[in-house]
Enquirer: 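The structure is given below, and queries will be raised subsequently.
Since the model is a prediction, treat every value here as computed from it, not as a measurement. Nothing fancy with the numbering, it's 1 onward along the sequence.
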Amino acid sequence: MEPLSLSEMVLKIPKGAVVIIGEQHEVKSLQKSQMRILSALRAAGHRIHIALEFLPYTKQEVVDRFREGKIQEADFLKMLGWQEDSDFNFYREQILFPNIHLGEYVFAINVPRSLTRFIAKNGIENLNFEQKKILPPSFQMGRNLYRKKFEDYMNTGG
């Protein structure tokens, strides 16, 4: 089977489908590819909603206000607690790509960094009551098989 071009691939994606585009943080060539895919999807008539794992879900209102133009970028970054070692220029286009006037959204989907750090160091089973309240509503652990595959991948240097 011959590889498909981007336009051929996009034509095969049904309306309403969920497309997952992976990334490596701050790799410009991959970010450009992501934006080409998003642009091709929009050109084919798809609505674009983006879920970003590097934004904590507890800051969804801040993300919405920034996208609506109600707060300036500097204030947005301060409210997020944006780490200065990460260049926001790399992410700006992704956050602003979904068109509010077309009913497109950006979803902040991660837990706060303080919680991910705690879990990485101490394990999720050691969260206290207050920390557990920060987990997303209806949170549940994935299947053990997924975790084993993930750990195997991480141990091999993926």
Side-chain angles (χ1 to χ4, degrees), residues 3-121 124 127 130-142 146 149-150 153-154 158:
L4 297 175
S5 69
L6 177 57
S7 57
E8 291 169 326
M9 177 191 70
V10 166
L11 289 175
K12 291 186 175 284
I13 298 172
K15 299 288 189 241
V18 173
V19 177
I20 298 173
I21 304 172
E23 73 164 325
Q24 286 180 296
H25 291 286
E26 300 188 23
V27 176
K28 192 66 176 170
S29 61
L30 293 177
Q31 191 262 356
K32 286 182 180 181
S33 293
Q34 290 171 342
M35 298 313 298
R36 280 194 299 275
I37 293 167
L38 292 172
S39 295
L41 287 166
R42 178 172 289 139
H46 292 276
R47 284 181 47 195
I48 307 297
H49 304 294
I50 297 179
L52 297 170
E53 55 78 26
F54 60 85
L55 296 174
Y57 85 93
T58 56
K59 301 291 185 173
Q60 184 66 53
E61 181 184 343
V62 174
V63 173
D64 294 342
R65 289 177 57 212
F66 171 65
R67 289 183 23 80
E68 293 165 359
K70 294 180 178 174
I71 57 174
Q72 297 296 314
E73 185 174 301
D75 295 326
F76 168 67
L77 296 176
K78 184 184 281 187
M79 291 171 161
L80 282 180
W82 191 263
Q83 303 297 313
E84 291 185 17
D85 62 340
S86 187
D87 184 5
F88 184 69
N89 291 322
F90 183 81
Y91 302 101
R92 181 183 297 106
E93 192 174 7
Q94 295 158 312
I95 291 173
L96 295 176
F97 187 84
N99 187 321
I100 292 172
H101 303 294
L102 297 176
E104 298 176 344
Y105 296 95
V106 169
F107 298 98
I109 62 170
N110 210 343
V111 294
R113 190 172 294 222
S114 62
L115 202 56
T116 58
R117 283 189 192 125
F118 180 90
I119 292 168
K121 186 175 180 180
I124 197 164
L127 292 174
E130 290 301 313
Q131 290 168 316
K132 286 179 183 176
K133 287 185 353 186
I134 298 171
L135 291 173
S138 305
F139 173 81
Q140 56 184 311
M141 290 294 292
Y146 173 81
K149 285 181 181 181
F150 175 77
Y153 179 80
M154 297 306 289

Enquirer: List the residues meeting salt bridge (charged side-chain N to carboxylate O under 4.0 Å, His left out) with E61, not counting sequence neighbours, and say none if there are none.
Expert: none
Enquirer: Using the rule given for side chain to side chain donor-acceptor pair (under 3.5 Å), can you reason through R36 versus S33, listing the C-alpha separation, both sets of side-chain angles and the distance that settles it, and then say yes or no?
Expert: CA-CA 5 Å; R36 280 194 299 275; S33 293; 3.0 Å; yes
Enquirer: Which class fits the ring pair H49 and Y105: parallel under 30°, tilted 30 to 60°, perpendicular over 60°?
Expert: parallel
Enquirer: Rounded to the nearest 0.5 Å, how far apart are OG1 of T58 and CG of L115?
Expert: 9.5 Å
Enquirer: Only counting residues at least two apart or in another chain, list the ones meeting salt bridge (charged side-chain N to carboxylate O under 4.0 Å, His left out) with K28.
Expert: none
Enquirer: To check you understand the geometry: which heavy-atom pair defines the closest contact between P56 and A108, and what is its length?
Expert: O-CB, 3.3 Å
Enquirer: So, using salt bridge (charged side-chain N to carboxylate O under 4.0 Å, His left out) as the criterion, who are the partners of E104 when residues are at least two apart?
Expert: R42
Enquirer: Output the distance between atom CD (Q31) and atom CD (E93), rounded to the nearest 0.5 Å.
Expert: 5.5 Å
Enquirer: Under the criterion side chain to side chain contact (heavy atoms under 4.5 Å, CB included), which of I100, V62, N99 is the partner of R67?
Expert: I100
Enquirer: Please list every donor-acceptor pair under 3.5 Å in which a side-chain atom of residues 5-19 meets a protein atom from a residue at least two apart or in another chain.
Expert:
| unit_1 | atom_1 | unit_2 | atom_2 | d |
| --- | --- | --- | --- | --- |
| S5 | OG | S7 | OG | 3.2 |
| S5 | OG | E8 | N | 3.1 |
| S5 | OG | E8 | OE1 | 3.2 |
| E8 | OE1 | S5 | N | 2.8 |
| K15 | NZ | A44 | O | 2.6 |

Enquirer: Applying salt bridge (Lys or Arg N to Asp or Glu O under 4.0 Å) as the test, list every pair that has at least one member in residues 45-55; sequence neighbours left out.
Expert: none
Enquirer: How many angstroms lie between CD1 in I134 and CG in L127, if you round to the nearest 0.5 Å?
Expert: 8.5 Å
Enquirer: What verdict does the side chain to side chain contact (heavy atoms under 4.5 Å, CB included) test give for L38 and I50, after you've listed the backbone C-alpha separation in whole Å, the side-chain angles of each residue and the deciding distance to 0.1 Å?
Expert: CA-CA 10 Å; L38 292 172; I50 297 179; 3.7 Å; yes
Enquirer: At what distance, to the nearest 0.5 angstrom, does CD1 of I124 lie from OG1 of T116?
Expert: 11.0 Å
Enquirer: Rounded to the nearest 0.5 Å, how far does CZ of F54 lie from CD1 of I95?
Expert: 4.5 Å
Enquirer: Out of F97, F66, W82, which one pairs with Y91 under the ring pair (Phe, Tyr, Trp, His ring centres under 6.0 Å) rule?
Expert: W82
Enquirer: How many angstroms lie between CD1 in I37 and CD1 in I21, if you round to the nearest 0.5 Å?
Expert: 4.5 Å
Enquirer: Which pairs would a plain distance check flag for residues 69-79, meaning a side-chain donor or acceptor within less than 3.5 Å of a matching protein atom at least two apart in sequence or in another chain?
Expert:
| unit_1 | atom_1 | unit_2 | atom_2 | d |
| --- | --- | --- | --- | --- |
| K70 | NZ | E68 | OE1 | 3.2 |
| E73 | OE1 | R92 | NE | 2.7 |
| E73 | OE1 | R92 | NH2 | 3.3 |
| E73 | OE2 | R92 | NH2 | 2.6 |

Enquirer: Keeping the roles fixed (side chain from Y57, backbone from F107), state whether a donor-acceptor pair exists under 3.5 Å.
Expert: no
